[in-house]
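Worksheet: one structure, shown below.
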Amino acid sequence: MKAFVASIATETNTFSPVYTDMSSFRASLYAPPGQHPETPTLCSAPFIAARRRFAELGWELVEGTAAWAEPGGLVNRRTYEHLRDEVLEQLRAAMPVDGVLLGLHGAMVANGYDDCEGDILERVREIVGPDVTVAAELDPHSHLTQKRLDNADLLIAFKEFPHTDFLDRAEELVELAVRHMRGEIKPAMSAFDCRMIEVLPTSIDPMRSFLERVRRIEADNLNVLSISVIHGFMAGDVPDMGTRVLVITDDAGTLGDAIARKLGMELFSFRGRARPPYRGPADAVARAKASPERPVVLADVWDNPGGGVAGDATLILRELVAQGVTDAAVGTIWDPVAVQLCVAAGEGAHIRLRFGGKTDEKAGYPYDAWVTVKRVVRDAHQSFGESRVPLGDAVWIAMDQGIDVILNSVRSQSFSPDLFSNLGIDPMDRHILLIKSTNHFHEAFARISNEIIYVDAGAPYPSDPRTTKYRKLRRDIWPIVENPHGN
Ligand SMILES: [Zn+2]
């Protein structure tokens, strides 16, 4: 047997001014055939899972390109078509194959393409024909369209948010694809539209227990091959935005439909109560100041580059300064120009610097301060599980007000405390750590902190669907409509 594997992935916030082109992919991951590293990235885990399994089986694996861009604004049309056609050409050259394995994200939107993944799957299907296995791994923060269901045999999303299980799900995908290639199963996909959009962290209830029930259904029912929850991605203005349940059965569509509907309505009942408490900046900073814990983590949930925004907001930093906080470190603020200025000034220089607040009027003004350039690190990085996440050239600056800030030049959300230590700041040695992430930070930061406070500064991410100006989303979904199921 022989299969082809490739990955094209990013998450598109259609409201973000940080547009995505080839340089965005090159800055995060662009690995032509044979150059994918030994460690998986979030969306390229099928490479690693397939290498391991196919080596055991003695099957042939042809590797195509893997490309990932940090979530951002609309993808440049030529960039998308270039990457897509590059992979399709590699697939044509590899033919005949028995299977195609893809690492997609599922929320990629390019200029002229609302459903990039549906487009890719449809073209792959055209090339390989109806009998070849087409399987793709997805991020749950994605959109599930009919075109994807029509053209894939197997779609599996990460279950966990934070996405700690991306490699486990890739292994599951590869295993089911192997069984399908051998003719052992006949996958039938059943999808249910929950008609809602919500933030659904799985580290806490109700999602924690919900996932346990999902796993029990998978384990107890031989006809159920896999269950995924598509959380949806509220910053993507596309017709199919929203939460869905996807059940894959072994040729038991009626059973799959029933399970998808039951789980979907249960998810709908979680609306408005699935997230941890979010606090406004003034309240959050006051609580952190008063806390005896060390460090206290303030998570800026709506300036999370992982949701496609710039990551250069200064709103909460201003609140720290306003409340006289001194024993704090901020990781990170994206500002490649300020990084360049600091690099030129050199370590030890005391300079007047304007940083942050450059890309979005809702994210606060640039900050002007006297700072000392404490450390310059070329090609800095941080960890996320097994993967290494680039931060680009980065600097540690110490503001005269007493707050340390890391400025980075490749956008990334805050995944792990080593983003501080890699720049020379001991995260255990600060009272307050301000980071930018919605939930992916949680596992790694909970290991060093007993107090994590989620901060809702309201911007720049389009965080309230009731006020977000969607143009392509026309379906009735909660919270835009109170009773979208009409009961
Ligand atoms: Zn995600």
Side-chain angles (χ1 to χ4, degrees), residues 7-16 20 24 28-29 40-46 67-73 75 102-109 116-117 136-145 148 155-170 172-173 194 196-204 207-208 210-211 228-236 238 240-246 267 274-276 299-309 311 384-387 389 411-416 435-444 454 461-463:
S7 175
I8 303 176
T10 189
E11 179 183 69
T12 304
N13 174 341
T14 59
F15 300 94
S16 170
T20 303
S24 321
S28 291
L29 173 74
T41 70
L42 186 69
C43 291
S44 68
W68 158 258
E70 181 70 11
V75 179
L102 297 171
L104 304 175
H105 180 287
M108 182 172 181
V109 181
C116 292
E117 292 82 358
E137 188 179 25
L138 301 167
D139 187 295
H141 300 113
S142 56
H143 318 293
L144 187 60
T145 67
R148 300 179 195 186
L155 296 172
I156 293 180
F158 320 140
K159 278 190 172 60
E160 299 289 347
F161 175 39
H163 303 324
T164 49
D165 64 332
F166 59 89
L167 186 55
D168 298 333
R169 297 286 76 73
E172 181 189 357
L173 182 84
C194 303
M196 70 175 206
I197 186 66
E198 177 58 292
V199 179
L200 300 166
T202 60
S203 38
I204 51 169
M207 284 303 286
R208 186 79 260 152
F210 180 78
L211 276 191
S228 293
V229 176
I230 303 294
H231 295 198
F233 183 61
M234 68 175 75
V238 294
D240 286 291
M241 193 274 278
T243 307
R244 283 177 165 81
V245 177
L246 174 62
L267 269 174
R275 350 177 153 174
D300 181 350
V301 295
W302 298 134
D303 189 37
N304 167 20
V309 297
F384 181 44
E386 277 188 58
S387 70
V389 181
R411 291 166 49 249
S412 172
Q413 68 178 294
S414 317
F415 285 116
S416 155
I435 60 171
K436 294 176 187 283
S437 177
T438 309
N439 208 36
H440 282 127
F441 72 95
H442 193 274
E443 201 196 8
Y454 293 83
Y461 187 87
S463 58

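Each ligand, and each atom within it, is numbered from 1 in the order the structure gives. The shown structure was predicted, so the numbers you read here are calculated from the model rather than taken from an experiment.
- Looking at every heavy atom in both residues, Glu172 comes nearest to Lys159 through OE1-NZ, 4.4 Å.
- By the 4.0 Å N-to-carboxylate-O rule, Asp303 lies close enough to Lys436 to be salt-bridged with it.
- In this view, His141 and Phe161, His163, His231 satisfy the ring pair (Phe, Tyr, Trp, His ring centres under 6.0 Å) rule, not counting sequence neighbours.
- With respect to Arg169 and Glu137, no salt bridge is recorded, no charged nitrogen being found less than 4.0 Å from a carboxylate O.
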May I have the step-by-step check of side-chain hydrogen bond (donor to acceptor under 3.5 Å, both in side chains) for Thr438 and Asn304, ending in yes or no? CA-CA 6 Å; Thr438 309; Asn304 167 20; 2.9 Å; yes

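- Of all protein atoms, those of element N, O or S that lie under 2.8 Å from the Zn ion (ligand 1) number 4.
- Between Phe233 and His143, the ring planes lie tilted relative to each other; the angle falls in the 30° to 60° range.
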